[in-house]
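So you know, we letter chains A, B, ... as the sequences are listed, proteins then strands, and number each from 1. Values below: every heavy atom of this structure, side chains too, minus hydrogens, waters and symmetry copies.
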2 protein chains.
Amino acid sequence: MNLSSRQLKAFVALVEERNFTRAAKRCHLSQPAFSALIQSLEQEAGVRLFDRSTRHVDLTAEGHELETSARGLLTDMSLALENLRDHAAKRRGRVSVAALPSLAAGWLPELLARFHERYPGVTLQVHDAVLDPCLDLVARGEADFAVAALRPDMSDLEGQFLHADPFFLVCRQDHPLASRDRIRLRDALKWPWIATARNSSVRKHLEQALGDETPSALLEVAHLATVTGLVKAGMGIALVPAMTLFQFERPGLVIKPLSGRVPARRLYLIRRRRRSLSVAGQALYDLLLANAPSNPSGVE
Amino acid sequence: MNLSSRQLKAFVALVEERNFTRAAKRCHLSQPAFSALIQSLEQEAGVRLFDRSTRHVDLTAEGHELETSARGLLTDMSLALENLRDHAAKRRGRVSVAALPSLAAGWLPELLARFHERYPGVTLQVHDAVLDPCLDLVARGEADFAVAALRPDMSDLEGQFLHADPFFLVCRQDHPLASRDRIRLRDALKWPWIATARNSSVRKHLEQALGDETPSALLEVAHLATVTGLVKAGMGIALVPAMTLFQFERPGLVIKPLSGRVPARRLYLIRRRRRSLSVAGQALYDLLLANAPSNPSGVE
DNA sequence: ATCATTTGATCGGGAATACGGATGAATCTT
DNA sequence: AAGATTCATCCGTATTCCCGATCAAATGAT
């Protein structure tokens, strides 16, 4: 069984024109080529589809039988292709991106808005989750890619470096550290500090940087907004990456860079190895990569 | 837009095999040819449909999108073709034949039964009607062909001679004519006779044969069965073609040939000019033609 | 680290197919 | 009767298609 859309188109054209020469013209074919095309269709079908003399062209009963299905098939075909091309043109589609909460709240929204403005037909989904769930979502294919930190055990994921996010100290204006000029991480941690949850990338990063010397935190909270509140209330200090600072730019709080070798949190775009993204997904991926946060501190 | 079933089949094969070499084998193609076929489909679609490395073949998001429609299209195509081939093989179809009442009751049924036994999938329809409606049905395309007599004004119909149907006299055993040896038509018509309706082919034929000399009939009835009853009741004689005699073979009735030049009623298979019959229709047409009633009198 | 294996892509020549112009045959019109 | 229209056929050319061989990349075993 071999049937091409050219044959079906020729068939329909001939049904409508009832004239080989005109139908051929409509299909951008010479009359002999068109005639052969109809014959090939009849051969395929095993039945004569048209009664033709030099003066009349008419559907046979069997040709009539084919007419409905032929039109249906043609529209189905063109719908299928159009649907694909729509996806390709990002007029439709769906992109699911996983992002660390710190990024999902600050950096990401504006870019998502820009993407949406450009491709309004694409449905966007953001999973704001801490590192482990983020990576799981990508590994399971539920998210197209993630904006997150790396983890050692990512065998079937691959990361594209996006940004090095340096850490800052946040404390209250009246805190003793607020007036100091150069603050090392170790010094800061002598004070009571408020940590994010153990499975958050910020916390993991800090613990990795300090090794066993990490002093226990005063409090562990899930959301950065809570951290803000606690610092403002004078419960302690916080150590957070630059990209979350927008949450702390509030009166009464002081943001100070840390001196010394404090490794930055390295952020990546993370996707499945050997898997291409959907066209829409790739477009967002590229947009995010091209708009990696500027790096004021110059740390790579 | 040009899309062939070969491309779709290749696509589905690759989706299922996830391996070019095996999928190519399944399509009875070499691997390079198969590869090119997939590429042509991707070109047509405008999207990459598979992620392929030398080790893995996987559907892209767009490929996934196509999978459902591809399978649907393939089954629709093969259904359409199968339907046509069924018609060609007379496994399906519909034949509508118009026949004069005299034929529809006597000669036709057995042949229809034979046809039906051979092609049980074909629906049969018989219009038993007098000459004018018979021809109209064919002219309007509502019947595929008719078994009937000709009429002068059949410009767009064409007739294939089937059978010359000689006339016989039917009368009661105790009728004076019953014992006569040679009876001429004119002699017979001196007796009261029972005629069929004016628009019946039998009546038309008689009037044409006799010209203005046609004596008026005693009675005009629509159905031959009524004629039988009337003759049996002694109301008069009847003049009917041989093919209707089965209706008169009853005790107490005598059937006698007419001597002299009595033109036979000429029966034809009548179809639209320059129109092919459906495959099933042609088959029945041929069957009827091949089984034209034997002609005992030898009259053409 | 090195090498053999697997597998998809590419290349090149030969076969099959498709195409268009000219021609032929049938039919309708004038 | 002649001309016009139109579909089928023929035939030389151009294109496409297909296969075998080869290449290149990735993988896995040693």
Side-chain angles (χ1 to χ4, degrees), chain A residues 1-45 47-60 63 155-158 271-276, chain B residues 1-45 47-60 63 155-158 271-276:
Chain A
M1 195 264 288
N2 185 18
L3 196 57
S4 74
S5 66
R6 293 180 66 242
Q7 292 173 311
L8 292 178
K9 279 217 204 74
F11 174 80
V12 170
L14 187 51
V15 167
E16 284 169 6
E17 295 285 352
R18 295 191 186 290
N19 174 305
F20 273 66
T21 311
R22 285 199 302 275
K25 229 165 242 159
R26 206 208 271 189
C27 293
H28 310 288
L29 281 172
S30 72
Q31 176 261 317
F34 184 87
S35 193
L37 201 54
I38 293 292
Q39 284 179 35
S40 76
L41 180 61
E42 289 180 330
Q43 173 108 18
E44 192 65 48
V47 199
R48 200 157 181 79
L49 297 170
F50 294 94
D51 281 327
R52 37 209 197 267
S53 73
T54 59
R55 305 305 287 180
H56 292 282
V57 176
D58 248 316
L59 274 174
T60 62
S155 58
D156 51 351
L157 299 181
E158 74 176 17
R271 53 191 285 189
R272 282 214 274 187
R273 211 181 282 283
R274 288 181 299 275
R275 277 288 177 86
S276 73
Chain B
M1 194 263 289
N2 184 17
L3 195 58
S4 74
S5 66
R6 295 180 65 242
Q7 292 172 311
L8 293 177
K9 279 215 204 79
F11 174 79
V12 170
L14 188 51
V15 168
E16 283 169 8
E17 295 285 353
R18 294 187 186 284
N19 174 304
F20 274 65
T21 312
R22 285 198 302 276
K25 229 165 242 160
R26 205 207 272 190
C27 295
H28 310 290
L29 280 173
S30 71
Q31 177 262 316
F34 185 86
S35 194
L37 202 54
I38 294 292
Q39 283 179 37
S40 76
L41 180 61
E42 289 181 328
Q43 173 105 18
E44 192 65 48
V47 197
R48 200 157 179 79
L49 298 171
F50 294 93
D51 281 328
R52 36 209 197 267
S53 72
T54 58
R55 306 304 286 182
H56 293 283
V57 176
D58 249 317
L59 274 175
T60 61
S155 57
D156 51 352
L157 299 181
E158 75 178 16
R271 53 190 288 186
R272 282 214 274 188
R273 213 181 279 283
R274 287 181 298 276
R275 277 287 178 86
S276 73

TODO: Quick one: list whatever passes side chain to side chain donor-acceptor pair (under 3.5 Å) with A/Ser4, sequence neighbours left out.
DONE: none
N/O donor to acceptor pairs below 3.5 angstrom from side-chain atoms of residues 27-41 of chain A, sequence neighbours left out:
residue, atom, partner, partner atom, Å
A/Ser30, OG, A/Ala33, N, 3.3
A/Ser40, OG, A/Gln7, NE2, 2.9
A/Ser40, OG, A/Leu37, O, 2.6

TODO: Could you check which residues of residues 32-40 of chain A get a heavy atom under 4.0 Å from DNA chain C? Sort them by number, please.
DONE: A/Pro32, A/Ala33
Task: A/Glu42: salt bridge (charged side-chain N to carboxylate O under 4.0 Å, His left out) partners, not counting sequence neighbours - done: A/Arg48, A/Arg52
Task: Contact boundaries on DNA chain D for chain A, cut-off under 4.0 Å to non-hydrogen atoms - done: D/dT5 to D/dT27
TODO: Walking along DNA chain C from 5' to 3', note the first and the last nucleotide with an atom under 4.0 Å from a heavy atom of chain A, and give both.
DONE: C/dC19 to C/dC28
Open item on the list: With a 4.5 Å cut-off on side-chain heavy atoms, are B/Arg272 and B/Asp156 touching?
Closed with: no
TODO: Between A/Ser53 and A/His28, name the one whose nearest nucleotide on DNA chain C is closer to the 5' end.
DONE: A/His28
- [ ] May I ask you to say what B/Arg55 touches in the nucleic acid, namely base, sugar-phosphate or nothing, with a heavy-atom cut-off under 4.0 Å?
- [x] base
Task: Under 3.5 Å donor-acceptor, B/Arg273 side chain and B/Leu157 backbone - done: yes
Open item on the list: Classify B/Ser30 by what it touches in the nucleic acid, base, sugar-phosphate, or nothing, heavy-atom distance under 4.0 Å.
Closed with: base
Sequence neighbours left out, cut at 3.5 Å: what donor-acceptor pairs do the side chains of residues 13-20 of chain A make with other protein atoms?
residue, atom, partner, partner atom, Å
A/Glu16, OE1, A/Arg26, NH1, 2.9
A/Glu16, OE1, A/Arg26, NH2, 3.2
A/Glu16, OE2, A/Arg71, NH1, 2.7
A/Glu16, OE2, A/Arg71, NH2, 3.4
A/Glu17, OE1, A/Arg22, NE, 3.1
A/Glu17, OE2, A/Arg26, NE, 3.4
A/Glu17, OE2, A/Arg26, NH2, 3.1
A/Arg18, NH1, A/Asp58, OD1, 3.3
A/Asn19, OD1, A/Thr21, N, 2.8
A/Asn19, OD1, A/Arg22, N, 2.9

- [ ] Look up atom CZ in A/Arg275 and atom CG in B/Leu59, then write down how far apart they are to the nearest 0.5 Å.
- [x] 9.0 Å
Task: Pairwise distance OG(B/Ser5) to CG(A/Asn2) - rounded to 0.5 angstrom - done: 4.0 Å
TODO: Mind checking side chain to side chain contact (heavy atoms under 4.5 Å, CB included) for A/Ser276 and listing every partner two or more places apart, or none if nothing turns up?
DONE: B/Asp51, B/Thr60
Task: Nucleic acid contacts - residues 3-24 of chain A versus DNA chain C, non-hydrogen atoms under 4.0 Å - done: A/Arg6
